[in-house]
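One structure is given here, and the rest of the page talks about it.
For reference, positions follow the sequence shown, starting with 1. Just so you know, ligand 1 is whichever comes first in the structure, and atom 1 is the first atom listed for that ligand.
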Amino acid sequence: MSNRLLLFLFISSFHLISSSEDTSFIFNGFTKANLSLGGSSTLLPNGLLKLVNDSQHQKGHAFIKKPIVFSSSKPLSFSTHFVCALVPKPGFQSGHGITFVISPSEDLTLAQPARFLGIFNASTNGDDSFQLFAVELDTVKNLDFGETSNNHVGIDVNSPISVESAPASYFSRKEQRNVRLNLSSGDPIQVWIDYKGTLLNVSVAPLEAEKPSRPLLSRSINLSEVFRSENLFVGFSAATGTAISYHYLLGWSFSTRSESLQLLDISKLPRVPRLSVEHKKVKQYGLFIAPVVVLGIIVIAVLAGVYYKRKKKYAEVKEPWEKEYGTHRFSYKSLYIATKGFHKDGFLGRGGFGVVYRGDLPSNKPIAVKRVSHHGEEGMKQFVAEVVSMRSLKHRNLVPLLGYCRRKGELLLVSEYMPNGSLDQHLFDEKQSLDLSWSTRLVILKGIASALFYLHTGAEQVVLHRDIKASNVMLDAELNGRLGDFGMARFHDHGGNAATTAAVGTVGYMAPELITMGASTVTDVYAFGVFLLEVACGRKPVEFGMDAEKRYLIKWVCECWKKDSLLDAKDSRFGGEFVSEEVELVMKLGLLCTNIVPESRPTMEQVVLYLNENLALPEFSPYTIGIGAFSPVVVDAASLTVSCTARNWSAPSVSSSSANNSKDYEQMLEAKNSVKIVAESEDIESRLSKPYSGSICSILPVTEKNAANKAPICTAYSFPVNKKPGLSTMASIKQTFMLMGSPESFLVGFCS
Ligand SMILES: *[C@@H]1O[C@H](CO)[C@@H](O)[C@H](O)[C@H]1NC(C)=O
Ligand SMILES: *[C@@H]1O[C@H](CO)[C@@H](O)[C@H](O)[C@H]1NC(C)=O
Ligand SMILES: *[C@@H]1O[C@H](CO)[C@@H](O)[C@H](O)[C@H]1NC(C)=O
Ligand SMILES: *[C@@H]1O[C@H](CO)[C@@H](O)[C@H](O)[C@H]1NC(C)=O
Ligand SMILES: *[C@@H]1O[C@H](CO)[C@@H](O)[C@H](O)[C@H]1NC(C)=O
Ligand SMILES: *[C@@H]1O[C@H](CO)[C@@H](O)[C@H](O)[C@H]1NC(C)=O
């Protein structure tokens, strides 16, 4: 009797084992997914899977790496639920579409883009040997495929000509009717595909709706006849043609047993980036009302002229468009009083972009006021909008921005006062040093990582910092790190001049691809990596005064690791009080983040997990490709010769007197390749301490598209040849700068 029971138990447990062969997986965002990507598909740092880039005639695929085994003994069945979004590229018709694919091969290199959706090609003719099944969300009407709608869902078996299709719609339980669904609205769309027996059901619905009770398509197909292979790859494909959409996948759940299909957690899905449409709108809008604004300025100028005599001291610039930001505006008078007339006793420091003063508001609240010079009105408007939107960013490791004020040629930014100043003072300046212990530094690093993670994913929009470095990290009363100055680099980019891909940041912290690709979350990760290293090592990323082997921090740390003595690179001020595992972790993470291959860098989410030791660092060594490869384009700052593989350029000689004569402003000194150099008499001179007899000039981009645009890429010094400062002067002064060149663009960074 008991033997029987045992046998029964044995059999039932065996049953459990065999049913566990079912394949189920769920990805709420694809950060942790094991996918093989083909064509131009990429995984974005926030876990969004972008199936094609925004060029014409692209195709992209993503398949689960491990094939699903459908044994011949068991009839094939599966259920899947995914969320995708098709966002038309501004100015283009939306196209072509996205498909869910099952195929015995993940190699679809012979497939064609556009109407073939990256899975078929012109010679695919429905032949049984082709073995491919897909469900398409198609946003182009191809008459030669018999399609009747540019917004349809179809079932494809071995052929781009659907066996069944219908215009996209869903049965709304609430309204008790079929509701049309616009596939190319850009909003996330849910798709369910269920196959069991020989019945295949397909439903679509917007994100907020539940699964429709009636499927959109229901078709009898025997998939066991379609596939001869038992190992099948499941995944997605998308394609563009002359019509272009961004095709995103947000989440995906799949199971070979419909009962074990897990529900996607809508709240965990990555956000679909809002396109720069809004940007464009602002620009177009800006163009449109430009004359009005100009008129406005003139009127204001006249009024101001009358007013000026009386109120010269507290004069501000206010424009109609600022009305909506009114509550975030401080009056100059109040700031003047708070800082006791910007008295030198309240002088806190000189950042890359301006001078900072301490002040006290009538409520006794201490504030920091940064005065930034500016020229362009256009960049200003966008920046003010950003400043205001930054107010909504709330994180305990961000410096809270309180508001702004504008004056002629000047912007004042008001933020909370941070009693312990900026981190770089304590790291690099022996005099003011607070002697930060290792544990304090680790707390600061964790805080800044979490702030950056928040900027990248937690805010309404992805916010890039663009200029992470020790001097932009402030310390509050409890010595917590607070990230400040976000968006400043962008502001100095003068509203982003898309035609020149020029980017401004700080040399030493700028990811190599910044020049060609522009800023992104991964370039922030790069800068954060440099920041990790500088905090652990207590030195700047580039120090010209040092021996060649130590000069570049990233390289030096990597060299130490190669010699198995990673700790040699650490800050000597720690003495014996540090945890070597932690210091090593931070240094290795710094190297991982500064990988020159952007795709190989971790996301900020991962960085936070690594730093808190919730996740082990991936396997890598100092010999891993892309690690420790810091190769600045900059050379020879002393002679100011910029060289890179593609070109040579040397600074022109200008006699120093020319810069002091305001007549000479905008006088072109020299044009070389794609830049022209213009002498400047602006007050930058007073902003930058000027230790040598060079003159200040602006470097402007000269390309066909923006020849009229006078926004300088950067500010630089130029020298008469006979008065070149020596290398040691350059290294000892607080603000040296370096020029970077590339075939397309020019960069200058201030090293402070
Ligand atoms: C990802 O897939 C590869 C290749 O199939 C495998 O070696 C690796 O272990 C997988 N990783 C995870 C996390 O499943
Ligand atoms: C898109 O991808 C293709 C091939 O991967 C590449 O040639 C093209 O330059 C990419 N386009 C953009 C805008 O990145
Ligand atoms: C179309 O695709 C099939 C299967 O992938 C391949 O055998 C065939 O050569 C392709 N035809 C063309 C014209 O590329
Ligand atoms: C679908 O949405 C897109 C983007 O909002 C819009 O351009 C298009 O006109 C819409 N189509 C229809 C038929 O409403
Ligand atoms: C497909 O839909 C029909 C009609 O709603 C339903 O009876 C059937 O069970 C569904 N099949 C699957 C596999 O979901
Ligand atoms: C589906 O096709 C397979 C293989 O041809 C066959 O064995 C099976 O009986 C078919 N199923 C149905 C329900 O027709």
Test side chain to side chain contact (heavy atoms under 4.5 Å, CB included) applied to Phe233 - qualifying residues, sequence neighbours left out = Phe63, Pro67, Glu106
Going from CE on Met604 to CG on Leu455, what distance comes out if it is rounded to the nearest 0.5 angstrom?
-> 9.5 Å
Please report the closest heavy-atom contact between Thr240 and Ser245, naming both atoms and the distance.
-> CG2-O, 3.8 Å
For ligand 4, is any non-hydrogen atom under 4.0 Å from Gln93's backbone (N, CA, C, O), its side chain (CB onward), both, or neither?
-> neither
Check side-chain hydrogen bond (donor to acceptor under 3.5 Å, both in side chains) between Thr521 and all other residues, then give those that pass, not counting sequence neighbours.
-> none
Classify the angle between the aromatic ring planes of Phe100 and Phe82 as parallel (below 30°), tilted (30 to 60°) or perpendicular (above 60°).
-> parallel
For ligand 4, which atoms sit closer than 4.0 Å to a heavy atom of Asn182?
-> 1 (C), 2 (O), 3 (C), 8 (C), 10 (C), 11 (N), 12 (C), 14 (O)
Which residues satisfy the side chain to side chain contact (heavy atoms under 4.5 Å, CB included) test with Thr139, sequence neighbours excluded?
-> Leu86, Ser94, Leu183, Ser184
Return yes if a side-chain donor-acceptor contact under 3.5 Å exists between Ser105 and Asp107, otherwise no.
-> no
Numbering as shown, the atoms of ligand 4 that approach Ser184 to under 4.0 Å (heavy-atom distance) = 2 (O), 3 (C), 4 (C)
Are a donor atom and an acceptor atom from the side chains of Ser267 and Asp265 found within less than 3.5 Å of each other?
-> yes
For ligand 4, which atoms have a heavy atom of Ser185 less than 4.0 angstrom away?
-> 2 (O), 4 (C), 5 (O)
First-shell residues of ligand 2 [heavy atom, distance under 4.0 Å] | Ser40, Asn53, Asp54, Ser55, Gln58
